[in-house]
Number of protein chains: 2
Amino acid sequence: MCVRYVNQLGGRGLFTTVVSVPTLPARTSRRAVYDELRRRVVTLQLPPGAALSENELAAELGISRTPVRESLILLSQEGLVQVFPKVGSFVSRVDPDRVADAQFLREAVELASLDDVPADPAPDLVAELRANLAAQEAVDQDADAFFPLDEEFHHGLLRLAGHERTWPTVVAAKGHLDRARRLGLTENASMSVFRDQHEAVLDALLRGDRAAARTLMRTHLRAVFADIERVRRRSPELFASNAGSVPTRRSVAVWD
Amino acid sequence: MCVRYVNQLGGRGLFTTVVSVPTLPARTSRRAVYDELRRRVVTLQLPPGAALSENELAAELGISRTPVRESLILLSQEGLVQVFPKVGSFVSRVDPDRVADAQFLREAVELASLDDVPADPAPDLVAELRANLAAQEAVDQDADAFFPLDEEFHHGLLRLAGHERTWPTVVAAKGHLDRARRLGLTENASMSVFRDQHEAVLDALLRGDRAAARTLMRTHLRAVFADIERVRRRSPELFASNAGSVPTRRSVAVWD
DNA sequence: ACACATGCGCTTACATACAAGCGCCGTACT
DNA sequence: AGTACGGCGCTTGTATGTAAGCGCATGTGT
């Protein structure tokens with residue numbers, strides 16, 4: 001086998017910015033479609049079980065099937081979409097197993113990260129976290145506004161430890177967890193509780209009490225589990241049943 | 001916006017096997033290409049910096065560009081390939097940052113997993129791990145045979161704790177780490193050391209000494225780092241320089 | 001000799017055409 | 001009435017065609 005081997009000149013500075021982006025390369029059509037579809041799925045605007053036709057989406061977005069299809073493939077690798085060859089593509093139902101997996105992964109990463117927070121964290125990062133906490137208080141009771149702030153806060157904690165590049169991995173793995181959280185939060189608003197937990201974790205960290213920070217973080221991360229079972233009882237059709245149910249084409253129009 | 005919502009009949013048993021597979025759906029051409037390309041990349045058969053032309057690969061594999069292109073997109077999301085629009089696709093150089101990220105992620109997951117190993121693990125899983133250790137000893141000094149066993153051992157430890165579904169996430173994140181490991185192992189054979197460390201971890205686990213297991217596991221997981229710097233000095237062209245060097249099209253034929 | 005402009009060849013991005021398979025539904029038969 | 005069968009319409013998978021852009025080489029002017 002012959003492989004073309006490319007030596008490097010470098011220093012052109014041409015792709016230096018692109019290289020730093022680990023996801024999709026540039027502002028391509030595929031990137032736009034992927035971002036939009038992912039947003040619709042994690043915000044439940046596209047509910048679990050919804051059919052995603054490549055043709056329909058292409059027509060709606062005014063483009064061809066190719067970028068739509070490639071986006072669906074990416075989403076399927078994330079587990080947010082299931083593609084059944086020659087049958088159809090569907091928003092995956094929330095899988096309790098995957099929720100638990102993401103919970104475990106997140107706990108492992110975020111708790112381990114706490115151990116790597118330096119004694120004197122970067123002041124600008126701390127200021128950002130404080131501002132974020134203030135914003136969390138301001139938007140109380142608005143789940144759509146609270147969620148991005150929540151995400152940014154946890155991402156910020158990873159940055160504090162120098163592990164910010166692990167965040168994308170966590171994000172990719174917790175799509176099911178996020179949807180379950182969103183289901184829980186829109187029903188009963190426990191956002192103020194979460195905000196206070198965030199603040200407690202940060203305070204413990206800044207006073208150097210890592211043991212307390214770990215305990216508080218663990219408690220915080222597990223708070224969502226109490227909700228999920230209740231949500232599952234209320235809306236079982238959004239969850240995957242372990243019996244192996246499968247979507248069919250019998251469809252109902254739903255408007256939002 | 002109108003979304004088609006699909007209610008579920010289920011119980012057909014048609015897709016039940018497919019549903020359990022979180023990756024690519026079936027035995028499609030794309031799946032075969034993806035598996036093959038990923039194998040070539042992580043085994044360094046396709047070395048970091050190698051140019052990957054959609055046309056060339058399609059011709060070599062006797063298929064069209066479409067499945068090749070989709071495989072490259074998937075690999076690019078894993079970070080093993082970099083796609084520069086209108087320029088070319090290249091096997092990404094080993095990024096020390098990503099190696100460190102994967103190391104952190106792996107440590108976090110595998111150490112946390114140890115805490116969840118039950119007091120009386122499933123005997124069949126333990127037997128598998130023992131058999132794996134024996135096999136590791138048998139293939140000593142053969143890196144290509146050792147690596148799959150190593151992977152299976154760590155995967156097996158996760159199964160012991162009931163967290164086997166987290167393994168794919170770790171695998172996806174540690175492509176750069178694996179390539180660095182392979183570079184280190186093919187030069188000086190420390191496989192017997194690693195095997196003994198594996199056994200020590202398992203022994204500590206089975207006698208219920210989690211603290212020792214954690215320490216041993218941490219030591220084991222960090223053993224690779226000593227090698228990577230040395231490898232980087234020997235083969236800097238395989239690593240990404242932080243200065244932002246970029247592959248160009250000046251190519252040299254390399255045969256293997 | 002060196003700097004610069006221009007065209008060619010390659011690349012990927014996107015669009016379209018064709019192929020193959022599954023599920024639904026109508027029909028005919030029992 | 002119930003069941004088996006076959007066509008039809010939809011789906012995704014693959015192949016191919018078109019468009020646009022970058023890099024390098026070449027040639028030209030200074």
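Each chain gets a letter, A, B and so on, in the order the sequences are listed, and its residues count up from 1.
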Distance below 4.0 Å between Ser89(A) side-chain N/O and dT11(D) OP1 or OP2: no
Tell me, with the steps shown, if Arg165(A) and Phe104(B) meet side-chain contact (heavy atoms from CB on, under 4.5 Å). CA-CA 10 Å; Arg165(A) 286 187 308 272; Phe104(B) 168 70; over 6 Å; no
Hey, does the side chain of Ser71(B) reach the backbone of Arg30(B) with a donor-acceptor pair shorter than 3.5 angstrom? yes
Short question: side chain of Ser92(B), backbone of Leu80(B) - any donor-acceptor pair under 3.5 Å?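 Judged by distance alone, yes, a pair lies under 3.5 Å.
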Can you check the [X] [atom1] to [N] [atom2] distance for me, whole Å?
| X | N | atom1 | atom2 | answer |
| --- | --- | --- | --- | --- |
| Glu54(A) | dG9(D) | CD | P | 21 Å |
| Arg69(B) | dC14(C) | CZ | P | 7 Å |
| Glu70(B) | dT16(D) | CD | P | 15 Å |
| Asn55(B) | dT11(C) | CG | P | 6 Å |
| Gln82(A) | dT12(D) | CD | P | 14 Å |
| Arg30(A) | dC14(C) | CZ | C1' | 11 Å |
| Lys86(B) | dC10(C) | NZ | C1' | 13 Å |
| Phe84(B) | dG21(D) | CZ | P | 19 Å |

Between Arg182(B) and Asp178(B), is the closest basic N to carboxylate O distance under 4.0 Å?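 Salt bridge between Asp178(B) and Arg182(B), a charged N being under 4.0 Å from a carboxylate O: no.
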Closest to the [X] side chain, choosing from [options]:
| X | options | result |
| --- | --- | --- |
| Pro67(A) | dG13(D), dC14(C), dT12(C) | dC14(C) |
| Thr66(A) | dA15(C), dA13(C), dT11(C) | dA15(C) |
| Ser64(A) | dC22(D), dT16(C), dT11(D) | dT16(C) |
| Arg65(A) | dC14(C), dC22(C), dT12(D) | dT12(D) |

